[in-house]
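Note sheet for the following structure.
All values reported here derive from a predicted model rather than from experimental measurement.
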Number of protein chains: 2
Amino acid sequence: MLKISELSARTGLSAHTLRFYEKHGLITASDRSEAGYRFYTDADVRRAEFVKTARNSGFSLEDIGQLLSIRVDKLSHSCQEVTDITRLKLDEVNGKIAELQSMQQTLMILLDSCCGGPENATHCSIMEALEEGESRKNAGRETS
Amino acid sequence: MLKISELSARTGLSAHTLRFYEKHGLITASDRSEAGYRFYTDADVRRAEFVKTARNSGFSLEDIGQLLSIRVDKLSHSCQEVTDITRLKLDEVNGKIAELQSMQQTLMILLDSCCGGPENATHCSIMEALEEGESRKNAGRETS
DNA sequence: GTTGACCTTAGACCTAACTCTAAGGTTTAT
DNA sequence: ATAAACCTTAGAGTTAGGTCTAAGGTCAAC
Ligand SMILES: [Zn+2]
Ligand SMILES: [Zn+2]
Ligand SMILES: [Zn+2]
Ligand SMILES: [Zn+2]
């Protein structure tokens, strides 16, 4: 039986975070001392590690809640349910990547167009491009 | 002189958002009616469009504040300052992309390992992989 | 028998960029 | 003159995942 600080040390999740997860239904201490101290079993440790691994894999706490409910009763759940959650998450991640890559593209074009030098910004093509708006996708290069 | 709803229609930024931007120092109405209604000039419209374009390019409102202060006095600012802001943003975006690609990788490996079928999850290799933790990067395939 | 490390709770605070509400004043058209 | 459609403000709420504080109770050591 571990106290919260011991579970914290074992998992790398802070005691605050562990209580936060408990409040959100992810990890509940199996037992309490008379004074109300949380006590965690080995099964709790495994559960906490599952949560941490899932979190590091990109799952939201809500996803993790679903995964945990599958975990405690695997007979009543199918591989398909598991892949559904995973695929949804992958789609989400892919969407965010696409969005960021579009920004990356824009920023690289902007950077490429500007001389980056010490002279004043009256001729700066980044400023011009932001002035022009979306219409023109490719900024003109600065002419010295 | 445009009223806020007219500027909103012209820029696609909601009146709420325009007031929010004003509160954060980005776009201030050049004038007010006697009753306190905001009135925007053509210069305000251009400024609002600049903000919108910068936002769509991925800049934070704080970044945009810096870009705007360069914009109003280009003689006192250099191309280098502009590229500094842009490069910092690009680094940030690249960092986020890398993080997401790592999640993408993990999720794809997980998905690849699981049969995704209707049978129960007692043999599910996604669940196993989340159980195992970080140590083993490649999940074993499910054997039917 | 008291110091110090640990634990408890409820609840406030954080970031970012909105988004909305309440409660009221203004304008315009009928 | 009254209803609809606009505008104002301050301030609360949203999302996600924590992070921290206050005010106090508990436990082990010296
Ligand atoms: Zn230049
Ligand atoms: Zn430049
Ligand atoms: Zn399977
Ligand atoms: Zn499976």
Side-chain angles (χ1 to χ4, degrees), chain A residues 1-40 44 48 51-68 85 88-89 92-93 95-96 99-100 103, chain B residues 1-40 44 48 50-68 88-89 92-93 95-96 99-100 103:
Chain A
M1 293 293 227
L2 303 170
K3 278 187 289 187
I4 196 164
S5 63
E6 294 165 328
L7 180 59
S8 169
R10 211 152 294 201
T11 58
L13 301 167
S14 80
H16 278 304
T17 298
L18 288 168
R19 291 191 200 99
F20 173 78
Y21 285 174
E22 178 172 301
K23 196 160 59 185
H24 288 71
L26 299 185
I27 303 164
T28 307
S30 291
D31 209 352
R32 294 277 188 140
S33 76
E34 288 201 357
Y37 284 28
R38 289 170 179 80
F39 283 126
Y40 297 95
D44 293 335
V51 168
K52 198 191 174 190
T53 305
R55 193 196 60 175
N56 290 342
S57 306
F59 290 106
S60 69
L61 301 192
E62 197 188 331
D63 298 332
I64 294 173
Q66 291 180 53
L67 291 170
L68 285 169
I85 294 169
L88 228 59
K89 182 55 47 179
E92 197 183 309
V93 166
K96 281 187 197 163
E99 219 176 296
L100 285 167
M103 287 181 193
Chain B
M1 295 292 229
L2 304 169
K3 279 188 288 187
I4 197 164
S5 63
E6 294 165 328
L7 180 61
S8 168
R10 211 153 293 202
T11 58
L13 302 166
S14 79
H16 278 304
T17 298
L18 288 168
R19 290 190 202 99
F20 173 78
Y21 284 175
E22 178 172 301
K23 195 160 63 185
H24 288 72
L26 299 185
I27 302 164
T28 307
S30 291
D31 210 352
R32 292 278 188 138
S33 78
E34 287 199 359
Y37 283 30
R38 290 171 180 79
F39 282 126
Y40 297 95
D44 293 336
F50 181 96
V51 169
K52 197 191 175 190
T53 305
R55 191 197 62 176
N56 289 343
S57 305
F59 290 105
S60 69
L61 300 192
E62 198 188 331
D63 298 332
I64 294 173
Q66 292 179 51
L67 291 171
L68 285 170
L88 228 61
K89 183 55 46 177
E92 197 183 308
V93 167
K96 283 186 195 161
E99 220 176 294
L100 286 166
M103 288 180 190

Is S33(A) touching bases, backbone alone, or none of the nucleic acid, heavy atoms closer than 4.0 Å?
-> nothing
Reckon R38(B) touches a base, only the sugar-phosphate, or nothing at all at heavy-atom distances under 4.0 Å?
-> sugar-phosphate
Spacing between E34(A) atom CD and dC7(C) atom P, to the nearest angstrom = 18 Å
What is the distance, rounded to the nearest whole Å, between atom CG of L7(A) and atom P of dC6(C)?
-> 15 Å
Are the side chain of T28(B) and the backbone of E22(B) linked by a donor-acceptor contact shorter than 3.5 Å?
-> no
Please state whether the base of dG25(D) and the side chain of Y37(A) form at least one donor-acceptor pair under 3.5 Å?
-> yes
Answer with base, sugar-phosphate or nothing: what part of the nucleic acid does S60(B) contact at a heavy-atom distance below 4.0 Å?
-> sugar-phosphate
Any side-chain donor-acceptor pair under 3.5 Å between N56(A) and T53(A)?
-> no
Could you tell me whether F20(B) and H16(B) have their ring centroids closer than 6.0 angstrom?
-> no
Looking for any heavy atom pair under 4.0 Å, which part of the strands does F39(B) touch: base, sugar-phosphate only, or nothing?
-> nothing
Select from F59(B) and A35(A) the residue whose nearest nucleotide in DNA chain C is closer to the 5' end of that strand.
-> A35(A)
With the threshold set at 4.0 Å, does a side-chain nitrogen-carboxylate oxygen contact exist between E99(A) and K96(A)?
-> no
Rounded interatomic separation in angstrom, taking CG from L61(B) and C1' from dT19(C) | 14 Å
Atom CD of E92(B) to atom P of dT15(C): distance rounded to whole Å?
-> 15 Å
Check every strand shown and say whether R55(B) touches a base, only sugar-phosphate, or nothing at a heavy-atom separation below 4.0 Å.
-> sugar-phosphate
